[in-house]
Protein chains: 2
Amino acid sequence: MAAKRSGARGKRSQRVSVPPQPVQEASGEPPLSRDRIVATAVELLDAQGVDGLTMRRLADRLGSGVMSLYWHVDNKEDVFDLALDSVLEYRGPPDMVVSRDWRGEVVHMLEDWRARMLRHPWSASLLPRRALGPNILSRLEMLSKSLSRAGVADADLNVAIWSLWNYVMGATLTRASFDLSDDDRAAARQRLEHLSERYPTIERSRLLLDDDWDGAFRKGLGFLLDGLSPR
Amino acid sequence: MAAKRSGARGKRSQRVSVPPQPVQEASGEPPLSRDRIVATAVELLDAQGVDGLTMRRLADRLGSGVMSLYWHVDNKEDVFDLALDSVLEYRGPPDMVVSRDWRGEVVHMLEDWRARMLRHPWSASLLPRRALGPNILSRLEMLSKSLSRAGVADADLNVAIWSLWNYVMGATLTRASFDLSDDDRAAARQRLEHLSERYPTIERSRLLLDDDWDGAFRKGLGFLLDGLSPR
DNA sequence: ACCTGAACACCGTTCAAGT
DNA sequence: ACCTGAACACCGTTCAAGT
């Protein structure tokens, strides 16, 4: 699948004559680059999930040979690391959230983090097993500052940060994978029907059927922050 | 763990003569069975991780052809589901933990859950993406009862359960994957050295170098339970 | 009822080479 | 400096068959 190169020829004949590009053919494909590879990897991951990203498919989308990728990245792991961090950027709280309101700041950052991961469901499952990139480190740095400002003791700071990390990761991972087909939901629902006698309490509270994920996330986060706040 | 049956033959010669097995050859291998497949899958996963489990290797260990497995299980996913639940059994709290102490009960179950998953590090990453098996449902049922008994309002019950689930899953997943080689630790340590100026706060608190995972888990769980307890 | 080998359509990466 | 195809050693699963 080396190139569309000559494929553009005669598609629409009204294109103005392009100034001759030194190396690059007049085709649509810009040259390969780390950035292009990462952006395309994210597209592919969004479309096909973790298992859907293969070096061959990635090269196909980029209109290059498979092995050309290896000039720009070390290996597939590298692609995962780069794609992951690229998705976790944080632009900071909106101005509305006054900077004296540590709780508002923290909630905003964590909800934004979760939302971004849910928009790229593969990212949540990758994050805990990869090295931490700059974007996620920035988020932790911000968290640390806010909690300090909130009066969390230095001795409790790391525990507090990890607790919030754990909560966000657990919630997002679970939500991301339960967001499957309706068929799956129906199957689960049916499996639970005749389980009532073995698990009466969770059956009664409809634990596995409640689907207000956003509300539950926010409310539980509230409880956790209550527990973390200096009494 | 179906049987050692004929496997004992000739190990120590003082075994009494075994009655002749009808079909099975005198070889060491008991016949294939779902249980044997699952037990061997767990061994393989423990030894080689998620990517180490392949149908071919599994068949090898079992001394059978690859395709023989497919008589007993539907596919590889099925093997994962069975292996996963087999590892999550809970035998209940020890008698020491008086049953009036809801907090002690909850902490015991959650620490046992985490410990089991850490003993089989592949299990944590599988749990959120697979259907919930009977053993994990029992744990949730128990959790639900304890929290009810503790006075958590019915309207908060599901949120409380999911919060604890999230915390345990996040903590265990993170711990399981950061438990890598010493080389990795050294590399991370070095990467952080010259990051101090970009992330001063997490650098100062040594967030990424602290390795009292067990202590942090327990302490953070304490904070969360504080937040969940009716005030 | 239980087990099998051959075959198919895939993988990631090494290597030696091309421009 | 950048890109390439062929080759290697793997995958999970379908199929048609054997006992």
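In this text, all values refer to a predicted model and were calculated from it rather than measured experimentally.
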Atom CG of B:D60 and atom P of C:dT4 are separated, to the nearest Å, by 12 Å
Are there any protein N/O atoms within less than 3.5 Å of an N/O atom in nucleotides 12-15 of chain C, and if so, which ones and at what distance?
{"residue": "C:dG12", "atom": "OP1", "partner": "A:M55", "partner atom": "N", "Å": "3.4"}
{"residue": "C:dG12", "atom": "OP1", "partner": "A:K76", "partner atom": "NZ", "Å": "2.9"}
{"residue": "C:dG12", "atom": "OP2", "partner": "A:M55", "partner atom": "N", "Å": "3.0"}
{"residue": "C:dG12", "atom": "N7", "partner": "A:R56", "partner atom": "NH2", "Å": "2.4"}
{"residue": "C:dG12", "atom": "O6", "partner": "A:R56", "partner atom": "NH2", "Å": "2.5"}
{"residue": "C:dT13", "atom": "OP2", "partner": "A:Y70", "partner atom": "OH", "Å": "2.6"}
{"residue": "C:dT13", "atom": "OP2", "partner": "A:K76", "partner atom": "N", "Å": "3.2"}

note: B:L69, atom CG; C:dA1, atom C1'; distance rounded to Å ~ 16 Å
Span that lies between the C1' atom of C:dC10 and that of D:dA9, in whole angstrom: 13 Å
Testing C:dC3, D:dT4, D:dC3 for proximity to the side chain of B:L32, the answer is C:dC3
- Can you find a pair of side-chain heavy atoms, one from A:H120 and one from A:L45, that are under 4.5 Å apart? no
Within-4.5 Å side-chain heavy-atom neighbours: B:L164 and B:L221 | yes
field: Basic-acidic side-chain contact under 4.0 Å: B:D112, B:R139
entry: yes
Non-hydrogen side-chain atoms of B:H72 and B:R36 separated by less than 4.5 Å | no
Considering only NZ, NE, NH1 and NH2 on the basic side and carboxylate oxygens on the acidic side, decide whether A:E203 and A:R198 come within less than 4.0 Å. no
Give a yes or no on whether the backbone of A:W122 and the side-chain of A:S125 come within a donor-acceptor separation of less than 3.5 Å. yes
Atom CH2 of A:W71 and atom C1' of D:dC2 are separated, to the nearest Å, by 6 Å
Rounded to whole Å, CG of A:D51 lies from P of C:dA9 at a distance of 21 Å
When you compare the side chain of B:H108 with that of B:Y90, does any pair of heavy atoms fall below 4.5 Å? yes
Just wondering, do A:R116 and A:R119 contact through their side chains at under 4.5 Å, heavy atoms? yes
(message) Please determine whether side chain to side chain contact (heavy atoms under 4.5 Å, CB included) holds for the pair A:D211 and A:W213, giving the CA-CA distance in whole Å, both sets of side-chain angles, and the decisive distance to 0.1 Å.
(response) CA-CA 5 Å; A:D211 56 2; A:W213 297 88; 3.9 Å; yes
| field | A:H72 side chain near D:dC3 phosphate (N/O to OP1/OP2, under 4.0 Å) | value | yes
(message) Under 4.0 Å from OP1 or OP2 of D:dC2: is there any side-chain N or O of A:S68 that close?
(response) no
A correct dot-bracket answer for DNA chain C, with pairs being Watson-Crick or G-U at under 3.5 Å, [ ] for crossing pairs and | for inter-strand pairs, is ||.|||||...|||||.||
Report task. Determine the interatomic distance between C1' on D:dC2 and the same-named atom on C:dA17; round to the nearest Å. Result -> 13 Å
